[in-house]
Structure formats: C-alpha cells, structure tokens
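Structure record follows, encoded as structure tokens.
Keep in mind that what you see is a predicted model, and the values were worked out from it rather than measured. Numbers restart at 1 for each chain; the letters A, B, ... are given by sequence-line order, proteins then strands.
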Amino acid sequence: MPELPEVETVRRGLVKHVVGRRIERVEVGRLRTVRRTSREALIDGLSGVVITSAGRRGKYLLCELDSGETMMIHLRMSGQVLVSPRGATRPPHTHVVLHLAATATQQPQELWFVDPRTFGEVVVFDSAQASVIVPELARLGIDPIADEFTPEMLFERLHKKRGKLKSVLLDQSVVAGIGNIYADEILHLAKLRPDRVPLQLARATVTRLHGAIVSVLRAAVEAGGSTLRDTQYVDLEGDTGNFQDQHRVYGRAGEQCLTCGVARISQTTVSGRTTCYCRICQR
DNA sequence: AAACAAACCTGTGCGC
DNA sequence: TGCGCACAGGTTTGTT
C-alpha cells in the first residue's frame, strides 16, 4: 500500500504525536512482525526509552531513540500506525503496541502497529549492527523529497540501468520511495511510456521526468497520500488521504484519459505490476 | 548480469 | 446467498 507520500504522512503524524514521549511498556503479538530479531529484542530495545525523532528514507520509517538505537518500521503492503487513547479497543491484526507515557499536556496513549498481511515489520537496532540487521538501508537510492535531488543525478542513475523505465522508477536503489501508484502517475505527467528505454532518454526528457517525480510526490504529500477503495491506508489519527481524487491513470484502465480526452486508459504489465497509461499522451 | 516468477499473507470484490 | 478465483500499495529470493 504505502509509498513515499503515505509514509511521509505517517512520519509527520509521529512527529506530532509520538516524538518526545517515553515508551512505558511494549506488547508484541505476532512474532512475524518482529521476525528480523525477536520479541525480546523489541521489548528490551523500546521499553523505557524516549523517541527523539522521526525520519524517513524512501518507504522506511526511522525513529531515533534516546538509548542511541533506532527503531525501523516498514508498512509493506498493509501496515498501519495508529495512535489511540490508553485502553481503546484494538482492531484485528494489531501486532505491536507501544504504551506511551502521559506528559504534562497529554493523556497516556498507545501506538499500534496493525498489519493484516503481516509483510510489514518493526525492528530496533544500533548503528554497529545496522549493516547486518537492515542491510537494505545502505542500498537505498536518493530520496526525492528529503534529499537534494537534481535532474543531473537522475540522468546519471537512469543511464546506468537497463530494463523498462517504469521498472527503473520502481527500483529503490535508484530513487527511493516510488511505488506502483506513483510510478504510473509520474510517467503520465512526464508524458513518457512505461516501456521507454532509460538509456535513450535525452537530458531534456530526463529533466521533465525529474520535474514530474518531484511535483507528483509533493502534491501527494500535500494531499496526505492516496487511500484506495479498501481504505487500508490511513494516517496516525485514522484519517484517509485525498490524493486518489487526483489520480489520472492509476486504477482508471478503460476510462477516458482526463488529459487528452481522446484515448481510453490502457492497461499492461511491467515487472509483474499492473500498469496504466495513456497511449496518446505518453510517448 | 539481468529479467522474470514465485513467495510471503489476508481481505475483498467479482463472476457464476 | 455462497463459493472460488483473481488480485492488491512491497520487497526478497530463487530461477531462467
């Protein structure tokens, strides 16, 4: 489910509700959620510590702790992070609960990690172990929102990769954070077919693609991300995003293109992922 | 090396 | 109404 804009919205929720607070107690239900280490490692690593910051690299949430360690959360396909009053009824598939201590201005609360499909994870690690426990972090590419990201950087990286353009956009080692929804939306705005060959893109074309990446992702963050029909994605307060109303191709196969008004949106498969595009607008 | 398929899970929506 | 199948926002692993 969640791509960069959704994860960024969750990060902002963590900054608002969780940063600065002490974790009094930790519950771990499903062991699969903490499979990278263990239930004991998560409880030991989080009990009694204060969350001092909430960051993000691509689709990875990275919270610093006053113990010097880091908590990583990945939502994968169906993960949610929710904040609720202490003792509130938990939804099904609540696998981790962090009990947040009261502050001068805040009642005690609980932070829930909810994840029906159990692909998501929560893990605590220290910097000395990072390369062993979360090796993929070192391989992540540029974050197009959090990092300095220029058309030249994109040009260099695209020209090192083979395969179809959409596949390369989905490659987290090139640009971190783009998933299936935003890849399609970005390619539509950039007026590029998903099966273009990256090596054949001229600088001016890559500059246009760069602009589309930045503007689609920024607009989606501004709208609080995309919530689809199943309402799987919601923010920390349980609110849905609004960017789905601005989708121009994703999920619109067979419908008339909103940009040219001529073609119907085509559907194909790229890297095993459903892909929607306009055969007239995108070349 | 690189491209693709399968795997990991559960829920939902659709056609019959 | 009920059943079975296809498919879903991601990433890793194994296979051609």
Side-chain angles (χ1 to χ4, degrees), chain A residues 1-11 29-36 56-61 72-81 91-95 113-123 132-141 143 157-187 194-199 216-217 220-221 223-235 240-247 249-254 267-276:
Chain A
M1 155 178 69
E3 307 179 28
L4 185 153
E6 292 75 32
V7 178
E8 174 63 15
T9 303
V10 170
R11 186 194 71 78
R30 269 262 214 170
L31 292 179
R32 185 171 151 73
T33 301
V34 296
R35 59 192 176 278
R36 268 203 217 221
R56 183 189 57 71
R57 296 281 310 159
K59 302 170 193 168
Y60 292 75
L61 286 166
M72 185 276 272
I73 300 175
H74 200 302
L75 305 173
R76 285 299 210 288
M77 294 286 267
S78 63
Q80 298 177 336
V81 179
H93 309 295
T94 302
H95 305 312
F113 182 78
V114 178
D115 186 16
R117 292 177 74 178
T118 71
F119 294 166
E121 339 179 35
V122 183
V123 63
V132 177
I133 297 179
V134 285
E136 71 268 39
L137 290 179
R139 297 193 288 266
L140 282 180
D143 187 293
R157 283 162 184 258
L158 283 184
H159 276 232
K160 285 182 192 159
K161 290 287 175 177
R162 307 303 180 87
K164 297 175 178 177
L165 178 56
K166 177 172 173 179
S167 305
V168 176
L169 287 181
L170 291 173
D171 184 338
Q172 302 300 298
S173 73
V174 178
V175 176
I178 299 171
N180 202 38
I181 295 176
Y182 296 103
D184 280 2
E185 294 300 320
I186 287 163
L187 289 168
D195 59 357
R196 286 292 297 271
V197 176
L199 194 58
V216 166
L217 294 177
V221 169
S226 300
T227 299
L228 305 183
R229 278 184 307 186
D230 59 9
T231 68
Q232 271 289 321
Y233 166 71
V234 290
D235 67 14
T240 63
N242 294 309
F243 193 72
Q244 64 280 3
D245 299 335
Q246 296 179 54
H247 291 176
V249 285
Y250 180 84
R252 297 194 67 251
Q267 179 172 318
T268 182
T269 299
V270 176
S271 311
R273 314 297 299 278
T274 297
T275 298
C276 299

Pick the nucleotide of DNA chain B nearest each of Arg229(A) and Lys160(A); which residue has the one closer to the 5' end?
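This one resolves to Lys160(A).
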Would you indicate what [X] reaches in the nucleic acid, counting non-hydrogen atoms under 4.0 angstrom: base, sugar-phosphate, or nothing?
X         : result
Leu170(A) : nothing
Ser167(A) : nothing
Gly272(A) : nothing

For [X] and [N], is the shortest distance between a side-chain N/O and OP1 or OP2 below 4.0 Å?
X         : N       : answer
Ser78(A)  : dA8(C)  : no
Arg162(A) : dA3(B)  : no
His74(A)  : dG10(C) : no
His93(A)  : dG11(B) : yes
Gln232(A) : dG11(B) : no
Arg35(A)  : dC8(B)  : no

Distance in angstrom units between [X] [atom1] and [N] [atom2], rounded:
X         : N       : atom1 : atom2 : value
Arg273(A) : dA3(B)  : CZ    : P     : 17 Å
Met77(A)  : dT11(C) : CE    : C1'   : 10 Å
Leu169(A) : dT11(C) : CG    : C1'   : 17 Å
Asn180(A) : dC7(C)  : CG    : P     : 14 Å
Lys161(A) : dA2(B)  : NZ    : P     : 7 Å
Gln80(A)  : dG11(B) : CD    : P     : 13 Å

Pairing partner (Watson-Crick or G-U wobble, both distances under 3.5 angstrom) of dA1(B):
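Across all strands, not a single nucleotide pairs with dA1(B).
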Salt-bridge test for [X] and [Y]: reply yes if a basic N is under 4.0 Å from a carboxylate O, no otherwise.
X         : Y         : result
Arg56(A)  : Asp143(A) : yes
Arg11(A)  : Glu8(A)   : yes
Asp171(A) : Lys161(A) : yes

So for atom CZ, which belongs to Arg162(A), do other residues, nucleotides or ligands contribute more than 12 heavy atoms lying within a distance under 6.0 Å?
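Check fails, neighbour count at 12 or below.
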Given the structure, check if the side chain of Arg117(A) and the base of dA8(C) hold any donor-acceptor pair shorter than 3.5 Å.
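Indeed there is one.
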What do the steps show when you test Lys164(A) against Ser271(A) for side chain to side chain donor-acceptor pair (under 3.5 Å), and what is the final call?
CA-CA 9 Å; Lys164(A) 297 175 178 177; Ser271(A) 311; over 6 Å; no
For Phe119(A) and dC9(B), do the ring centres fall under 5.5 Å apart while the planes stay under 30° apart?
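Stack criterion not met.
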